[in-house]
Amino acid sequence: MKKRWKIRLIVLAVLIVGVGGLVWLQVDRLEHRALRHAESGRSAGKLLGSLAEALAEGRMEAVLDCYTPDYAESGPAAWETTSRYETDGLVVAGWVASTRKTAGREGVAGRYRALLEPVERFEHVKVKLDRVLADRGERGLDIRSILWLRGRHKDGTGFESKARFEMTLVPGEQGHRIASQQLISGDTVSGPGTGFADVAANVGLDFEARANPMYETEAWRPDVFGIFKYSSAGLSAADYDGDGWYDLFLGDGARMALYRNLGSEGFKEVTAEAGLPVDQPGINVGLFADFDNDGDQDLLLGGLTVSGGLYRNDGNGSFSRESLTLDPLVTVAGAADYDLDGDLDIYLGRYLDPREDLPTTLFYTRNSAGNQLLRNDGNLQFTDVTEAAGVREGGLTLGVAWGDYDRDGNPDIYVANDFGRNAMLRNNGDGSFTDTTLETNTMDFGFGMSATFADADNDGDLDIYVSNVASSQRWYGQSATLYKYLMNSFRQGTMMEDLPLYREIVKFAGDNWRNYGDGMVKGNSLLLNDGKGRFADVAESAGANPLGWYWGSTLFDYDNDGLQDIYAGNGWITGHVTDDL
Amino acid sequence: MSWNGYEHNVLLRNMGLDENGVPQYVDVAMALGADDIGDSRGVAAFDYDNDGDLDIAVNHNPGDHGVPTFPVVLQENTIGQKRNYLVVSLQGTRDNRDAVGAEVTVRSGSLNQVRLKSAGSAYAAQHDGRLYFGLGDATRVDLLTVRWPDGTEESFRNLDANTVVRIIQGEGMRLSSFPASPQLLGGFR
């Protein structure tokens, strides 16, 4: 009997070692592939850097050195520009593939000369390795590159050109060279630089953003997750005095402020005389709504490092504090009548406590302080119904939007999570919500920082625009290895917890590991609703995912032509180094 | 610090749908002077000067660039007012008074546009509470339909462009206007 057990144990041990070894070999193979990927990427990046430098200096010989001696250009490799649109001083020229046959390197030289000809000076010349499409080692690699130029034309207008290419690179003695290229898309936009003008200083809007002093104190030093410091601040337009001139509320790290719009006399700060907290740090969001249906706009303040609360509009230009007090760590707030009882309820997006927690697994962070749904019971009394409604959403939320995406009459919630995948919460109409992220195809696991419902394509249903990060060097994300990721999940102890998520993610994004890192930094999403409540992200083909790190964004029709345009605010941490990473 | 260099706020102009029904956008921020650079956070679209187009305000994080402050930006739009518009403000009676959740559809010629009345969204932002419709060259709205939060609908026909209308749930529509400027000080209602 004893011997039998021994044998069993030995067999089991061999099995464990064997399976472990196989897993390790597989991980090692992936790791090896990732390392090679990184190596090729670096070499390709260097080549594109040389191309950018040569273009900036107008040295055509050096430009051509980036191409193989037997580079042959024909068919779609050539491109030309066509005028597509001209209005309001704006000239938009599209780059289109040309069928004109041109010979080899001279063809490329001619193309670049035509591009440089109208340019007086460049302010910015970049050629970036966007993605590695295929890596064949010694036999070369296929990439996608981004050419990005900005400067001034000889006629005085400013211009910006962006084009995407697919290229095949082959290794040589001095690194990789371009063996073939094909234009995917490109635009040159030029204009007078007028049409919009920052008038804040002229109209008395003298507000200046400041850091939150609480972060320097023992009580709130965000030791564990320091980037939290850079989260503020929101702002709200509302007609709090009911005079038809929209006023402006500004959240801030150091002190929130309310500016009253006095029409032609400009804005005037009224924080104190409106009875609102003065010199109050950490208020990130102000939500104006007529919570008591008495005809004026009440104000809900949400704080990061402080407990916000509700202020009743007295109808005479001042606010009074009501009993509703919020928990801190509120990043964003939205109102809707989710139970259709005639008054406005509140959904709060929240972050994690940066003094105690790091986000768990990137794709599926669930350790936020928890979002909250507050039901309006009348008389400015609210009840926290988060658990009953099932809308806690544990991702680190920065964007929320209410909208009836499935047109069943009940307002649903879309949540954009910075860390953690985004979520669609369908309102069942009985006080509960169901997570329909997968079936609506709205997972979007980028670093979500804003969400907006709007009809982008004028087809009558609500689409969604989400702010994310777009890197012109997505290949860095592609080279994030499975090994590193697994080690990370293991270290954080979330591996087992994450297993159900892997199934979800694989269903959503397929099993090619590269798609994940790539998807994290693919930029803003434009989720078009098919009218049946299923969405498709068309940002790439729509040109709606510009390079950058976007926070607040919105759809609006700036030129009143009937089509909804997009404004998106960009910026992570402005430091001394202003160039790209 | 950036991922791409020259990272700026973008204004993506909708150039219309492609053959697959996907709207096509081009960044015109630099060409029109809206390419601010800063650590942008909240963005709000509102018609601060009541001229019929939406302006943009941006709030920031001060960043780490050695200066501890960063001024708020108010980008005044001087383009939209060259074209026709309709401004709609809503008031709920059976529904919440702000009519949050209502959707308004406007038809002018062959173009249908929808606006959702919201309160708080995006990143910690709130936009103009009135609904702005650009009409281009159209001088008239053929049909305006409100779908109130409770699911009931009301329709109005043949509205003049460049007007402000106020619709009260169940009580119809009346022509309104932007307030006179300069406003009467102390004019609290």
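In what follows, every chain begins at residue 1, and chains take the letters A, B, ... in the order their sequences are listed. In this text the structure is predicted, and so the values were computed from the model without any measurement. We use all heavy atoms of the structure for the numbers below, so side chains are in, but hydrogens, waters and symmetry mates are not.
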Considering only heavy atoms, which portion of [X] lies under 4.5 Å from any heavy atom of chain B: side chain, backbone, both, or neither?
{"X": "A:L300", "answer": "neither"}
{"X": "A:T157", "answer": "neither"}
{"X": "A:S553", "answer": "backbone"}
{"X": "A:P411", "answer": "neither"}
{"X": "A:F288", "answer": "both"}
{"X": "A:L248", "answer": "side chain"}
{"X": "A:L250", "answer": "both"}
{"X": "A:D343", "answer": "backbone"}
{"X": "A:A211", "answer": "both"}
{"X": "A:S541", "answer": "both"}
{"X": "A:F267", "answer": "side chain"}
{"X": "A:L205", "answer": "both"}
{"X": "A:A333", "answer": "backbone"}
{"X": "A:K162", "answer": "side chain"}

Checklist line | Whether over 12 other heavy atoms sit under 6.0 Å from A:D341 CG | finding: yes
Checklist line | With B:R13, the side chain to side chain contact (heavy atoms under 4.5 Å, CB included) member among A:I566, A:V189, A:V92, A:D561 | finding: A:D561
Looking at [options], which has the largest count of heavy-atom pairs under 4.5 Å with chain A?
{"options": "B:V26, B:V72, B:D55", "value": "B:V72"}
{"options": "B:A122, B:P71, B:A57", "value": "B:A122"}
{"options": "B:V43, B:N14, B:I56, B:V22", "value": "B:N14"}
{"options": "B:T78, B:I79, B:L17, B:V100", "value": "B:I79"}
{"options": "B:G120, B:A31, B:G21", "value": "B:A31"}
{"options": "B:G16, B:A138, B:S176, B:P68", "value": "B:P68"}

Under 4.5 Å from any heavy atom of chain A, what part of [X] do you find: side chain, backbone, both or neither?
{"X": "B:P23", "answer": "both"}
{"X": "B:Y48", "answer": "both"}
{"X": "B:R147", "answer": "side chain"}
{"X": "B:L111", "answer": "side chain"}
{"X": "B:Q91", "answer": "neither"}
{"X": "B:R94", "answer": "backbone"}
{"X": "B:L54", "answer": "both"}
{"X": "B:N20", "answer": "neither"}
{"X": "B:V28", "answer": "both"}

How about [X] and [Y]: does a side-chain donor come under 3.5 Å of a side-chain acceptor?
{"X": "A:Q564", "Y": "A:N458", "answer": "no"}
{"X": "B:W148", "Y": "B:E154", "answer": "yes"}
{"X": "B:N162", "Y": "B:N84", "answer": "yes"}
{"X": "B:R166", "Y": "B:S89", "answer": "yes"}
{"X": "B:Y123", "Y": "A:N284", "answer": "yes"}

Of the listed residues ([options]), which shares the most heavy-atom pairs with chain B below a 4.5 Å separation?
{"options": "A:A237, A:G543, A:P546", "value": "A:A237"}
{"options": "A:I346, A:N293, A:L462, A:L340", "value": "A:N293"}
{"options": "A:A416, A:G399, A:A568", "value": "A:A568"}
{"options": "A:F196, A:Y550, A:F159", "value": "A:F196"}
{"options": "A:G158, A:S236, A:A336, A:A401", "value": "A:S236"}
{"options": "A:D457, A:L555, A:D292, A:T452", "value": "A:D457"}

Notebook entry, point to check: Can you find a heavy atom in the side chain of B:R41 that is under 4.5 Å from one in the side chain of B:D39?
Noted result: yes
Check: Mind checking whether B:V165 and B:V87 have side chains closer than 4.5 Å, heavy atoms only?
Finding: no
Note to self: Run the side-chain contact (heavy atoms from CB on, under 4.5 Å) test on B:D53 and B:Y132 for me, step by step, so that the C-alpha distance in whole Å, both residues' side-chain angles and the decisive distance to 0.1 Å come before the verdict.
What the structure shows: CA-CA 7 Å; B:D53 58 30; B:Y132 277 65; 5.9 Å; no
Check: Where does the angle between the aromatic ring planes of A:Y414 and A:F453 fall among parallel (under 30°), tilted (30 to 60°) and perpendicular (over 60°)?
Finding: perpendicular
Next item on the list: Take the angle between the ring planes of B:F70 and B:H60 and call it parallel below 30°, perpendicular above 60°, tilted in between.
Entry: tilted
Between [atom1] of [X] and [atom2] of [Y], what distance do you get to the nearest 0.5 Å?
{"X": "B:Q24", "Y": "B:D18", "atom1": "CD", "atom2": "CG", "value": "4.0 Å"}
{"X": "A:W245", "Y": "B:D49", "atom1": "CH2", "atom2": "CG", "value": "7.0 Å"}
{"X": "B:L86", "Y": "B:F133", "atom1": "CG", "atom2": "CZ", "value": "7.0 Å"}

Margin query: Given A:R150, which partner from the list A:E123, A:E160, A:H124 fulfils the side-chain hydrogen bond (donor to acceptor under 3.5 Å, both in side chains) test?
Written below: A:E123
Check: Where do B:D47 and A:Y246 land on the side-chain hydrogen bond (donor to acceptor under 3.5 Å, both in side chains) test, with the steps shown first?
Finding: CA-CA 7 Å; B:D47 184 7; A:Y246 268 66; over 6 Å; no
Check: A:Y338 and A:Y347: aromatic ring centres closer than 6.0 Å?
Finding: no
Next item on the list: Give a yes or no on whether a salt bridge exists between B:D95 and B:K117, defined as a side-chain N under 4.0 angstrom from a carboxylate O.
Entry: no
Next item on the list: Would you please test A:D557 and A:D565 for side-chain contact (heavy atoms from CB on, under 4.5 Å) and show each step?
Entry: CA-CA 5 Å; A:D557 180 7; A:D565 312 298; 3.4 Å; yes
